[in-house]
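The next block holds one structure in the form of structure tokens; read it before the comments.
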Amino acid sequence: MENQVLVELEYKFTQPSALFLEDLAHIDGDFIFLGIGGKMGPSMAKLLLEGLRQIGVSRKVYGVSRFSDDSSRQYLENLGVETIVCDLLDDEALQSLPHAKNVIYLAGFKFGATGKEDFTWAMNTYLPGRIAEKYKDSRIVAFSSGNVLPFVDVRSGGVDESVLPEPIGEYAQSTLGRERIFAYFSKKNGTPILLYRLNYAVDFRYGVIREIAKQVYRQQPIDIRTNNVNVIWQSDANEIAIRSLLHVESPAKVLNVTGPEILSIKWVAEKLGEILGKEPLFVLEPEQTTLLNNASECHRIFGYPKVGILDIIAITAQWILQDGGEFGKDTHFQERGGKF
């Protein structure tokens, strides 16, 4: 039996905003999510379908994945997504996919990249070229990562889109490769593309804030060498991704996406501790550099996220106290050597 508190909490903080519905009404054509089976795909599709329902518009929404877990496919089908089982690296299967005016590209490989470098580059750098050719007549929002950015001083204010990437490790390097390949085909074919450079989305079931909350609740020592971070509520990140279809460009536009704050992990842990009734335990000392994403351009275009950090902290603590479920996939935001 579902916990009604958690059901109501999730409903409250994942409903489409008025600005989202306004923009959605101006996006013509069908939608296809490539790599829908990850952490963000299902919730993004749910948001899109609820938004389409609320504005009274009918569109096809396709969801493409390997679907190793049949329950996730059934969940999407129940929402109204037309699911397609496909290994995107199988070119024959890729070419058989339906056309859609709006492409959200979520496919990629991060965790487990160390030891599978060849597969990492195939997924993150080779495949985007095949996608860009297949969907050259579409709009494409292609997910990237703040991991392509250089480490900067924690007092710097973060890195905006004008700063050249300096990726550390093969995951980040291959992700920059993804950006470069999409940018090339955007110029070659005139395809309007937006490179969605995200870090870090957080949700009830995963993310930086939940990881810290678990450590506080279990009274496990928190390593604060990486003591500063950016986060954004996943539902807000989902809205921005879909709304970004109205801001694609050729040549491709790069957009940093995150919340407005540069957060202190120590501060977040202490705030969580107040709600959870636990005293956080800290180990080691903060480093002076970290990955920090300055998303001022994103906020200029879309406004500030509607769910702020104090709400995120309160939501996450409540989810922990109510024994809510989790994805069991850590972000490894503390990683400083690029090994995932």
message = Does any part of the side chain of Leu89, heavy atoms only, come nearer than 4.5 Å to the side chain of Phe119, both counted from C-beta?
response = yes
query = Under the salt bridge (charged side-chain N to carboxylate O under 4.0 Å, His left out) criterion, do Lys278 and Glu270 qualify, and how do the steps go?
reply = CA-CA 9 Å; Lys278 305 281 187 176; Glu270 288 168 348; over 6 Å; no
key: Sub-4.5 Å side-chain heavy-atom contact between Glu179 and Val148   = yes
ask   = Are any of the side-chain nitrogens in Asp91 or Arg130 under 4.0 Å away from the carboxylate oxygens of its partner?
value = yes
key: Ion pair Asp30/Arg59, N-O distance below 4.0 Å   = no
query = Taking only residues two or more places apart in sequence or in another chain, which ones pass side-chain hydrogen bond (donor to acceptor under 3.5 Å, both in side chains) with Glu211?
reply = Thr331
remark   = Test side chain to side chain contact (heavy atoms under 4.5 Å, CB included), reference Ile224, set Asn228, Ile222, Thr226, output is Ile222
message = Let's go through Phe109 and Tyr171 carefully: what are the C-alpha distance in whole Å and the side-chain angles of both, what is the deciding distance for ring pair (Phe, Tyr, Trp, His ring centres under 6.0 Å) to 0.1 Å, and is it a yes or a no?
response = CA-CA 8 Å; Phe109 186 66; Tyr171 162 70; 8.7 Å; no
message = Quick one: does any side-chain atom of Thr191 pair with a main-chain N or O of Lys136 as donor and acceptor, under 3.5 Å?
response = yes
Criterion side chain to side chain contact (heavy atoms under 4.5 Å, CB included) against Pro260, the qualifying member of Pro305, Cys298, Ser296 = Pro305
query = Got a salt bridge between Glu170 and Lys110, using NZ or NE/NH1/NH2 to carboxylate O under 4.0 Å?
reply = no
inquiry  = So, taking the atom named CG in Asp87 and the one named CG in Leu94, what distance separates them when rounded to the nearest 0.5 Å?
reply    = 9.5 Å
ask   = Which value, rounded to the nearest 0.5 Å, describes the distance between Asp203 atom CG and Ser235 atom OG?
value = 8.5 Å
message = Please determine whether the number of non-hydrogen atoms from other residues, nucleotides or ligands lying under 6.0 Å from atom CZ of Arg225 exceeds 12.
response = no
ask   = Given Glu82 and Lys60, is the salt bridge (charged side-chain N to carboxylate O under 4.0 Å, His left out) satisfied, shown in steps?
value = CA-CA 8 Å; Glu82 188 171 322; Lys60 280 189 175 294; 3.5 Å; yes
ask   = CG of Asp330 to OH of Tyr206: how many Å apart, nearest 0.5 Å?
value = 12.5 Å
task = Salt-bridge test for Asp90 and Arg66: reply yes if a basic N is under 4.0 Å from a carboxylate O, no otherwise.
result = no
task = Please examine the side chains of Asn293 and Thr258, heavy atoms only from C-beta on, and report whether any two atoms are closer than 4.5 Å.
result = yes
note = Rounded to the nearest 0.5 angstrom, the CG-CD distance for Leu24 and Glu239 is 10.0 Å
task = For the residue pair Val202 and Ile312, establish whether any side-chain heavy-atom pair is separated by less than 4.5 Å.
result = yes
ask   = Is the side chain of Ser174 donor-acceptor paired with the backbone N or O of Trp121 at a distance under 3.5 Å, no angle test?
value = no
request  = Take the angle between the ring planes of Phe302 and His247 and call it parallel below 30°, perpendicular above 60°, tilted in between.
outcome  = perpendicular
query = Should Lys306 and Asp236 count as an ion pair when the cut-off is N to O under 4.0 Å?
reply = yes
task = Inspect the surroundings of CG in Asn78 and state if more than 12 heavy atoms from other residues, nucleotides or ligands are less than 6.0 Å away.
result = yes
query = When you measure from the side chain of Glu77 to the backbone N and O of Thr83, does any donor-acceptor pair fall under 3.5 Å?
reply = yes
ask   = Are Trp267 and Ile313 close enough that some pair of their side-chain heavy atoms sits under 4.5 Å apart?
value = yes
inquiry  = Please report the interatomic distance CD1(Ile27) to CG(Leu245), rounded to the nearest 0.5 Å.
reply    = 5.0 Å
ask   = Going by an N to O cut-off under 4.0 Å, is there a salt bridge joining Glu326 and Arg210?
value = yes
query = Can you tell if the side chain of Val163 reaches within under 4.5 Å of the side chain of Asn294, non-hydrogen atoms only?
reply = no
query = So, for Ser65 and Ile36, which heavy atoms are closest and what is the spacing to 0.1 Å?
reply = CB-CG2, 4.1 Å
task = State, with a plain yes or no, whether a side-chain heavy atom of Asn238 is found less than 4.5 Å away from one of Phe20.
result = no
task = Check for a donor-acceptor pair, side chain of Glu335 on one end and backbone N or O of Gly338 on the other, with a separation under 3.5 Å.
result = yes
inquiry  = Restricting to salt bridge (charged side-chain N to carboxylate O under 4.0 Å, His left out), what partner residues turn up for Glu297, sequence neighbours left out?
reply    = Lys253, Arg300
inquiry  = Tell me if the aromatic rings of Phe204 and Trp233 count as close, with their centers under 6.0 Å from one another.
reply    = yes
ask   = Out of curiosity, Arg197 CZ to Leu255 CG, how far, rounded to the nearest 0.5 Å?
value = 9.5 Å
task = In sequence, state the C-alpha distance, the side-chain angles, and the governing distance for Glu10 and Lys46, and then conclude on salt bridge (charged side-chain N to carboxylate O under 4.0 Å, His left out).
result = CA-CA 12 Å; Glu10 184 161 16; Lys46 182 179 181 181; 5.1 Å; no
